[in-house]
Amino acid sequence: MAWVWRFEKTDGTEVPPAVEPEEFTTQGDAESWIGEEWQALLDGGVDQVRLFEDGKEIYPAPMSLHAAAEG
């Protein structure tokens, strides 16, 4: 199993991340990484992220990095 993040602008356009991720072997590892790197990603122009496991989207909607900044 491979867990990967997709990085997007608010309109869903894919953008390259400021911090290059790896393929994660667990959902927890992927979520821990985004918890550590979200600010750098946001500063680099990423507005939202989507998590996929072997090509299947995990969450019903993208996660906004702006919500983390406001919280």
Side-chain angles (χ1 to χ4, degrees):
M1 276 190 261
W3 300 80
V4 295
W5 290 103
R6 174 184 160 101
F7 306 94
E8 301 177 343
K9 299 302 284 175
T10 53
D11 66 1
T13 303
E14 189 170 7
V15 296
V19 180
E20 194 61 39
E22 57 198 71
E23 283 192 356
F24 303 97
T25 55
T26 69
Q27 183 174 353
D29 288 346
E31 291 171 341
S32 292
W33 182 86
I34 206 75
E36 295 169 5
E37 301 293 346
W38 70 268
Q39 186 66 60
L41 294 166
L42 183 62
D43 292 345
V46 175
D47 293 311
Q48 63 190 26
V49 294
R50 296 176 189 265
L51 182 60
F52 292 85
E53 177 191 16
D54 293 330
K56 179 184 174 201
E57 190 167 359
I58 301 304
Y59 306 120
M63 290 189 335
S64 172
L65 298 182
H66 296 279
E70 296 166 4

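These numbers come from a predicted model, not from an experiment. FYI, side chains are in, hydrogens and waters are out, and symmetry mates aren't considered; it's all heavy atoms of this structure.
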Q.
Hydrophobic cluster membership, with links at side-chain heavy-atom distances under 4.5 Å among I/L/V/M/F/W/Y: are F52 and V46 in one?
A. no
Q.
Just to verify, which of E8, R6, K9, H66 counts as forming a side-chain hydrogen bond (donor to acceptor under 3.5 Å, both in side chains) with Q48?
A. E8
**Q.** Hydrophobic cluster identity match, V4 and W33, side-chain contacts under 4.5 Å
**A.** no
Q: Please lay out, stage by stage, how L41 and W5 fare under the test side-chain contact (heavy atoms from CB on, under 4.5 Å).
A: CA-CA 12 Å; L41 294 166; W5 290 103; over 6 Å; no
Q. How far apart are the closest heavy atoms of A40 and A18, and which atoms are they?
A. O-CB, 3.8 Å
Q. Between T10 and D47, what is the shortest heavy-atom contact and its length?
A. N-OD2, 3.2 Å
**Q.** L65 CG to Q39 CD distance, which is reported to the nearest 0.5 Å
**A.** 9.0 Å
Q | Residues W38, V49; criterion side-chain contact (heavy atoms from CB on, under 4.5 Å); working and verdict | A | CA-CA 9 Å; W38 70 268; V49 294; over 6 Å; no
Q. For the residue pair A30 and L51, what are the closest heavy atoms and their distance?
A. CB-CD1, 3.9 Å
